[in-house]
Amino acid sequence: MNSHLRSSRAAFLFIIAAIAVGLWLRLDQLAAQLLLEDEWHAVYRVVHDAPAAIFLDFAHSDSSIPLTLLYALESRRFGLSEIGMRLPLVLAGAATLILFPWYAARHVGPSEALVFAALLAISPLLYFFSRTARPYALTLLLAGIAHVAFRRFFEAQAPRTADAAVYAMSATLAAWLHPVIGPFVVAPFATAAWQCARRTPGAERRRGGARLAVLALAAGLPMAVLLLPPLFVHPESLRLKGGLDLPHADTLIGVWYLWFGTSATAAVLICGALALLGARAVWQRLLEAKSAVAGIALTAIAIVITRPAWIQNPLTFGRYLLPVLPLLLLATACGAVRVGRALYAALRLRGGGASIAGTLGALAAALPVLLLALTSPLRPLLQYPNANSTHAVYQFDFRPEHNPILHLMDGIPLSPWWESIGDRPPGSLAIAVAPFPAESVGWDAPRWQRLSRQRILHGFLTPLCADPRPTEVPDDERFRFRNAVHLEDAAELARHGVDFVVWQKPYRYLAHGLDVAVGADVAQCGPALRQRFGTPAYEDEWLVVYRPFGGTTGAPDAAR
């Protein structure tokens, strides 16, 4: 390929640009994002459980113990906010964007690291996990650090205590954050033990065994202190989530679309072929490749044995095996660069000009980036405003025909009011909507925002007319949510600049053959809202719209 890709300095500058794109994607409209899906599990525990109870229970509804303890501390010291909840994951996602390509540049090559950085930057799964208050972005980063630190200590001529400490801390914290990652972070012991077994008996084997003992003790003790108490005190929390499901054939197909980040079969096949072409380079040049593959194998075995709930969904399966993703993208990058170099050499051999050959070679190397960018599911999420970028409808399955949430949400009744305000400047209105259903598949805000182009906030019914709900928080100083408002609190409505309060009337729709009632648990709140806000500005069979402060701001003629 041309000198630009052969030059480490030029590749470094392009890597910085790729990282900048990835950071921009992850930070886009971040402060406006609503809490959705499983993010509420930790909030519910902060509201109802003391720190000691959080420490002693993994909880049946998934909540990461250390993250939940952090949120409990934030709520008591500063007031819990959406940004406060997501900040550790944003930082972890940013560190992954920086550290993984840097390490690849040192051990695999700068050109390969450049394509790798671009693929990481536009990866939809990494985008979602870097913006979601769940532990996955952190566990991926910590697992990578653990494998590097383990190898450095085990293989060094003069091992450093710092490397053993880094392994112990990163492996322990990763397993505490999400026990699913446990098999992956202990996998280096398997490959290292195999290396020891192959050595000639004597001093070298004894040294290897001693180092393994040091690492096992350093990581085993803190893991036992943190993981055993909840396992003994509340064993049912994990037991109730196991023995339920196994991956299906479609799971094993659909997960490749998620890992590559596309809905296009052609893109998956081309990128898969490039990954096969580059797998050998990763295996030979990446020093942690063997332990990583062992970790993936151990995790797959654990899945088969434990049969965790929802593992038949490609998203859940892909999340359990998330360490596959950087290896897969690095192999794809290596394969693409190999093709680019081969094309450049072939064109030069046939007398082609260096400039043309270099350009075509660079385009060949960039092919997976171009394919995945053009077929990325992220493009609709960049619309402004979009406060629901982590909604399950966007990430459950990137193949529309295989995404049941798309079909379920099509059954949600849609008021024409949302389209009637679409002629206002984007983001000029703030609309608080209630109720937010416990199952957010009933939360149609992605479509509301697409039609109205306005800001959507959660409208909390507590304490106006409802008992504490799983997706609401008390109106007190422990919670300082930017994108949610208590409808009874006039000062809070004013502080958030709410133009409209919308009451979504209870409705029914069919889901998997079942007649589902949405909002029935808070149906009594309709009259309470009318008493609180007075005459509606608009009403139809699906919703009621109020102006919390009267006046004419906000409502177009069609909505009056």
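These numbers come from a predicted model, not from an experiment. Side chains included, hydrogens not; waters and symmetry mates left out as well; all remaining heavy atoms used.
- The 12-atom threshold is exceeded at CD1 of Ile16, counting heavy atoms of other residues, nucleotides or ligands nearer than 6.0 Å.
- Looking at Leu277 and Val339, their side chains come closer than 4.5 Å, going by heavy atoms from C-beta outward.
- You'll find the side chain of Leu258 stays beyond 4.5 Å of the side chain of Asp397, heavy atoms only.
- In this structure, Met85 and Glu74 approach most closely via the heavy-atom pair N-OE1, 3.9 Å.
- A donor-acceptor pair under 3.5 Å is absent between the side-chain atoms of Arg455 and the main chain of Pro426, judged by distance alone.
- Counting heavy atoms from C-beta outward, Val148 and Leu287 have side chains that stay 4.5 Å or more apart.
- Taking the six-membered ring where the residue is Trp, Tyr394 and His391 present perpendicular rings, their angle passing 60° and hence far from 30°.
- Taking the ring centre of Tyr257 as origin, the terminal cationic atom of Arg399 falls inside the region bounded by 6.0 Å and 45° from the ring axis.
- Atom CG in Leu73 sits 10.5 Å away from atom CG in Leu80 (nearest 0.5 Å).
- No side-chain donor-acceptor contact under 3.5 Å links Thr68 to the backbone of Ala42.
- Side-chain atoms of Asn483 come within 3.5 Å of backbone N or O of Ala31 as a donor-acceptor pair.
- Separating the OG atom in Ser75 from the CG atom in Leu70 is a distance of 10.0 Å, to the nearest 0.5 Å.
- Looking at Ile181 and Leu177, their side chains never come closer than 4.5 Å, going by heavy atoms from C-beta outward.
- Interatomic distance, Leu25 CG to Leu382 CG, rounded to the nearest 0.5 Å: 6.0 Å.
- Nearest heavy-atom pair across Leu328 and Ala275 is CD1-CB, 3.9 Å.
- Under 3.5 Å, the side chains of Asn388 and Gln449 contain a donor-acceptor pair of N or O atoms.
- With hydrogens and angles ignored, the 3.5 Å screen pairs a side-chain donor or acceptor of Lys241 with a backbone N or O of Ala59.
- Between Phe55 and Trp176, the ring-plane angle classifies as perpendicular under the 30° and 60° cut-offs.
- Here Arg152 pairs with Asp163 in a salt bridge; the nearest charged N to carboxylate O distance falls below 4.0 Å.
- With Glu288 as the fixed residue, the side-chain hydrogen bond (donor to acceptor under 3.5 Å, both in side chains) test singles out one of Arg151, His107, His147: Arg151.
- Separating the CG atom in Leu67 from the CG atom in Leu138 is a distance of 6.5 Å, to the nearest 0.5 Å.
- Of the residues Tyr127, Tyr320, Phe129, the one that meets the ring-ring contact (aromatic ring centres under 6.0 Å, His included) test with Tyr136 is Phe129.
- Looking only at distances, a side-chain donor or acceptor of Arg285 sits under 3.5 Å from a matching main-chain atom of Val108.
- Distance check, rounded to the nearest 0.5 Å: CG of Leu327 to CH2 of Trp283 gives 10.0 Å.
- With hydrogens and angles left out, the side-chain atoms of Ser389 and Arg131 include a donor and acceptor closer than 3.5 Å.
- Between His41 and Ser64 there is no side-chain heavy-atom pair separated by less than 4.5 Å.
- The minimum heavy-atom distance linking Ile122 with Ala373 is given by the pair CD1-N, 3.8 Å.
- Taking 4.5 Å as the limit, every side-chain heavy atom of Pro377 sits out of range of all side-chain heavy atoms of Ser263.
- The aromatic rings of Phe116 and Phe100 sit parallel, their planes meeting at an angle under 30°, below the 60° perpendicular limit.
- The shortest heavy-atom contact between Leu330 and Ala104 is CD1-CB, 4.1 Å.
- Contact detail for Val393 and Pro446: the closest heavy-atom pair is CG1-CG, 4.1 Å.
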For this session: Apply the test side-chain contact (heavy atoms from CB on, under 4.5 Å) to residues Leu252 and Phe317: give CA-CA distance (whole Å), side-chain angles for both, the deciding distance (0.1 Å), then the verdict.
Result: CA-CA 8 Å; Leu252 303 179; Phe317 184 69; 3.8 Å; yes
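- Between Leu221 and Val225 the shortest side-chain heavy-atom distance does not fall below 4.5 Å.
- Counting heavy atoms from C-beta on, the side chains of Phe150 and Ser291 never come closer than 4.5 Å.
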Exercise. Would Lys290 and Trp194 satisfy side-chain contact (heavy atoms from CB on, under 4.5 Å), going step by step from the backbone distance to the final call?
Worked result: CA-CA 11 Å; Lys290 296 177 179 60; Trp194 174 248; over 6 Å; no
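- Salt-bridge annotation for Glu82 and Arg482: absent, with no side-chain N of the basic residue lying under 4.0 Å from a carboxylate O of the acidic one.
- Residues Glu112 and Arg338 are not paired through a salt bridge, judged by the lack of any N-O separation under 4.0 Å between the basic side chain and the carboxylate.
- Of the possible polar contacts, none joining the Asn313 side chain to the Leu315 backbone as a donor-acceptor pair under 3.5 Å is found.
- Side-chain atoms of Ser376 come within 3.5 Å of backbone N or O of Leu378 as a donor-acceptor pair.
- In this structure a side-chain-to-backbone donor-acceptor pair under 3.5 Å is present from Arg211 to Ala156.
- Relative orientation of the Phe481 and Trp40 rings is perpendicular, given thresholds of 30° and 60° on the angle between their planes.
- A salt bridge is defined here as a Lys NZ or Arg NE, NH1 or NH2 lying under 4.0 Å from an Asp or Glu carboxylate O, and Arg86 with Glu39 meets this definition.
- Here the closest heavy-atom approach between residue Leu89 and residue Ala137 is recorded as O-CB, 3.9 Å.
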Exercise. Does the pair Thr139 and His178 meet the rule for a side-chain hydrogen bond (donor to acceptor under 3.5 Å, both in side chains), with working shown?
Worked result: CA-CA 7 Å; Thr139 56; His178 197 205; 5.0 Å; no
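- Considering OG1 of Thr251 and CD1 of Ile303, their distance stands at 10.5 Å, rounded to 0.5 Å.
- Side-chain atoms of Thr316 come within 3.5 Å of backbone atoms of Trp310 as a donor-acceptor pair (strictly under, hydrogens ignored).
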Problem set entry | Verdict with reasoning, Leu298 to Phe184, per side-chain contact (heavy atoms from CB on, under 4.5 Å) | CA-CA 7 Å; Leu298 287 177; Phe184 187 83; over 6 Å; no
For this session: Dump the intermediate steps for side-chain contact (heavy atoms from CB on, under 4.5 Å) on Val185 and Leu142, then the final yes or no.
Result: CA-CA 9 Å; Val185 295; Leu142 291 169; over 6 Å; no
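- Using a distance-only test at 3.5 Å, with no hydrogens or angles considered, a donor-acceptor pair links the side chain of Thr191 to the main chain of Pro188.
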